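This report concerns only the one structure given below.
Positions are given from 1 along the sequence. No experiment lies behind these values; they were computed from the predicted model shown.
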Amino acid sequence: MSASDTLEFNPFLPEVHEDPYPLYHRLRAEDPVHRSPLGFWVLTRHADVLALLRDPRMSRDPRRSRRVEQLRASAELDELLAAEEAAPSMLFVDPPDHTRLRTLVNKAFTPVAVERLRPRVEAIVAELLDRVAGAGAMDVVEDLAYPLPVTVICELFGVPEADRDRFRAWSRGLVHLLDPLVAEDALERALRARLALRGYLRELIAERRAHPAGDLLTALIAAEDQGHQLSEAELVSMCVLLLVAGHETTVNLIANGLLALVRDPGARARLQADPALAGSAVEELLRYDSPVQFTSRHARTDLDIGDRHIQAGETVVAVLGAANRDPAQFPDPDRLDLARKPNRHLAFGGGIHFCLGAPLARMEAGIAIPALLARLSALELAGPPVRRDTVTLRGLASLPVTFRAAA
Ligand code: HEM
């Protein structure tokens with residue numbers, strides 16, 4: 001909490017950015033349906049967050065938000081916003097469009113479909129660890145947490161390796177769009193990055209249309225061409241969403257998770273001794289320091305949450321990271337308990353927008369984290385971890401460690 005006594009949700013304060021959990025505890029206890037001075041409502045209780053995500057009176061569509069209407073006052077921003085809004089991705093629409101779009105890709109991300117990728121994920125992890133094992137030191141983000149999910153999602157889509165660096169820059173730029181409040185110049189930069197990425201994807205789609213391959217992009221193009229199930233603009237938005245989600249989230253799960261384990265040698269030793277704990281360990285790491293801290297919804301009608309009145313068009317931020325530390329749901333919530341059961345965390349959201357990529361993220365982290373611990377022992381921080389500057393996505397830009405390679 002800041003030095004001041006006023007209770008305010010401001011995730012941009014440096015001390016909150018570093019460790020938001022003390023503020024979340026205070027908000028949950030003292031003002032669980034909080035009216036933020038930033039202009040939106042903030043929910044921190046597990047029960048309220050889950051109810052919000054399941055509430056059909058709440059929309060995911062930003063076109064229903066008053067704030068977006070205000071941004072339109074700037075003609076330049078208006079034009080940049082329009083490029084995506086003509087065909088938003090499934091994450092930003094309500095049924096029936098949401099149902100139609102999600103159905104098209106569901107098949108590719110079911111646990112059974114994702115299981116087929118296991119040997120490839122194991123091979124990538126082994127290759128990445130081979131590269132660093134002899135060095136005695138690595139940056140967990142650069143050397144493992146980032147390249148793993150990016151390689152997997154780019155291979156699924158058939159994005160050429162040579163283009164991946166450009167991708168990284170665009171993706172980094174546009175994730176600022178997810179933050180609850182962005183300065184206008186940062187917003188403009190983020191919108192431009194999104195436009196550049198869309199342009200690149202249109203070229204990639206044209207190329208793949210001429211030369212079909214066995215990848216997900218080819219399958220989506222077929223859905224556009226033959227079934228008329230999605231427009232070209234929707235196809236581009238779908239690719240932006242999946243590629244960016246594949247770039248920006250699992251990296252945080254692996255890096256935040258390993259940081260928690262480096263800081264807690266007891267938990268680390270437990271997982272090293274019992275690899276069968278991997279599944280529940282990943283769930284606990286998702287809960288303990290959630291890679292996506294917030295999501296939001298916009299009220300379609302006037303409604304009440306607890307004793308507070310929300311007006312139509314107002315935005316409600318659901319703090320997943322706070323719900324995941326709610327003592328009413330999780331006994332001793334600040335303790336990392338790799339065997340925690342039950343563990344009804346909301347790190348992947350809930351309701352109809354529940355994360356499509358959850359099986360893939362779980363598999364990648366479930367392979368990468370135990371593999372690192374099996375091969376590299378005596379993990380120690382080699383310097384301070386560096387946080388990413390985004391607040392919705394909670395992650396690390398750098399996590400330098402030293403280790404001993406196991407025989
Ligand atoms: C640890 C990693 C991940 C976390 C913590 C995470 C978290 C989330 C959350 C919280 C939502 C719901 C947002 C909302 O309700 O507003 C979501 C939705 C989504 N995620 Fe993930 N995600 C992860 C990985 C992935 C991956 C790897 C992919 C794709 C390959 C992916 C694709 C999606 C998609 C497409 C949606 C939108 C689903 C819909 O609107 O129906 N995610 N994710």
Side-chain angles (χ1 to χ4, degrees), residues 19-22 24-25 28-29 32 43-54 109-112 114-115 118 121-122 125 145 149 249-295 318-374 379 394-395:
D19 178 10
Y21 300 108
Y24 292 168
H25 283 317
R28 200 188 307 102
L43 304 185
T44 42
R45 285 197 296 221
H46 187 278
D48 290 342
V49 167
L50 187 57
L52 182 89
L53 297 177
R54 291 176 171 171
F109 291 95
T110 59
V112 174
V114 162
E115 205 44 46
R118 180 176 290 276
V121 173
E122 284 170 348
V125 168
T249 51
T250 313
V251 47
N252 298 339
L253 169 58
I254 298 173
N256 292 352
L258 280 163
L259 176 60
L261 292 169
V262 169
R263 287 183 168 154
D264 188 336
R268 195 167 79 225
R270 195 172 173 196
L271 182 55
Q272 271 165 330
D274 181 7
L277 213 56
S280 76
V282 168
E283 299 309 308
E284 178 66 347
L285 295 169
L286 278 159
R287 180 195 75 82
Y288 184 75
D289 203 11
S290 303
V292 177
Q293 288 279 308
F294 329 114
T295 182
V319 187
L320 306 173
N324 287 342
R325 296 276 189 119
D326 184 344
Q329 180 64 218
F330 304 101
D332 202 358
D334 296 326
R335 193 167 82 85
L336 182 68
D337 174 4
L338 299 183
R340 187 181 287 275
K341 279 214 172 69
N343 191 344
R344 297 195 188 94
H345 68 74
L346 301 176
F348 289 122
I352 60 169
H353 291 279
F354 182 86
C355 179
L356 177 81
L360 180 59
R362 285 178 163 134
M363 186 178 76
E364 290 177 1
I367 292 172
I369 294 174
L372 183 144
L373 295 184
L379 278 178
R394 176 167 175 79

Looking only at non-hydrogen atoms, find the nearest pair between L373 and Q272 and report the distance. O-NE2, 3.0 Å

At their closest point, which heavy atom of L253 faces which heavy atom of A361, and how far apart are they? CD2-O, 4.1 Å

Report the distance from atom CG of L43 to atom CG of L320, rounding to the nearest 0.5 Å. 10.5 Å

Do L261 and L285 come close enough that some side-chain heavy atom pair is under 4.5 Å? yes

Is the side chain of R394 donor-acceptor paired with the backbone N or O of S290 at a distance under 3.5 Å, no angle test? no

Heavy-atom closest contact (N256 atom, G395 atom, distance): OD1-CA, 3.5 Å

State the CD-CG distance between E115 and L360, to the nearest 0.5 angstrom. 11.0 Å

Show your working on side-chain contact (heavy atoms from CB on, under 4.5 Å) between R335 and Y288 and close with a plain yes or no. CA-CA 8 Å; R335 193 167 82 85; Y288 184 75; over 6 Å; no

Contact check, side chains of P331 and R340, non-hydrogen atoms, under 4.5 Å: yes

Taking all heavy atoms of L271 and all of L338, pick out the closest pair and write down the distance. CB-CD1, 3.9 Å

Can you find a pair of side-chain heavy atoms, one from D48 and one from V319, that are under 4.5 Å apart? no

When the ring centroid of H46 is compared with that of F330, is the distance short of 6.0 Å? yes

Interatomic spacing from OG1 in T249 to CG in L286 - rounded to 0.5 Å: 10.0 Å

Please name the pair of heavy atoms, one in Q293 and one in P20, separated by the smallest distance, quoted to 0.1 Å. OE1-CG, 4.1 Å

Separation between CD1 of I369 and CZ of R268, rounded to the nearest 0.5 Å: 13.0 Å

Under a 3.5 Å cutoff, is there a donor and acceptor pairing between the side chains of Y24 and D326? no

Measure the shortest side-chain to side-chain distance between N343 and S280 over non-hydrogen atoms and say whether it is less than 4.5 angstrom. no

With distance as the sole test, does N324 use its side chain to make a donor-acceptor pair with the main-chain N or O of H345 at under 3.5 Å? no

Those residues that, when tested against F354, pass side chain to side chain contact (heavy atoms under 4.5 Å, CB included) (two or more places apart): F348, A358

Rounded distance [0.5 Å steps], CD in E364 versus CZ in R118: 11.0 Å

Show the numbers, then the answer: is there a salt bridge (charged side-chain N to carboxylate O under 4.0 Å, His left out) between E283 and R362? CA-CA 8 Å; E283 299 309 308; R362 285 178 163 134; 2.8 Å; yes

Heavy-atom pair of closest approach, residues F109 and L356: CB-O, 3.5 Å

Looking only at atom types and distance, does a side-chain atom of R54 sit under 3.5 Å from a main-chain N or O of V49, one as donor and one as acceptor? no

Quick one: list whatever passes side chain to side chain contact (heavy atoms under 4.5 Å, CB included) with R270, sequence neighbours left out. L277, D337, A339

Taking T295 for its side chain and A318 for its backbone only, find out whether a donor-acceptor pair lies under 3.5 Å. no

Taking it one step at a time, do I254 and L372 satisfy side-chain contact (heavy atoms from CB on, under 4.5 Å)? CA-CA 10 Å; I254 298 173; L372 183 144; over 6 Å; no

For R287 and P333, indicate whether the former's side chain and the latter's backbone hold a donor-acceptor pair under 3.5 Å. yes

Trace of the side-chain contact (heavy atoms from CB on, under 4.5 Å) decision for D334 with H25: CA-CA 10 Å; D334 296 326; H25 283 317; 3.0 Å; yes

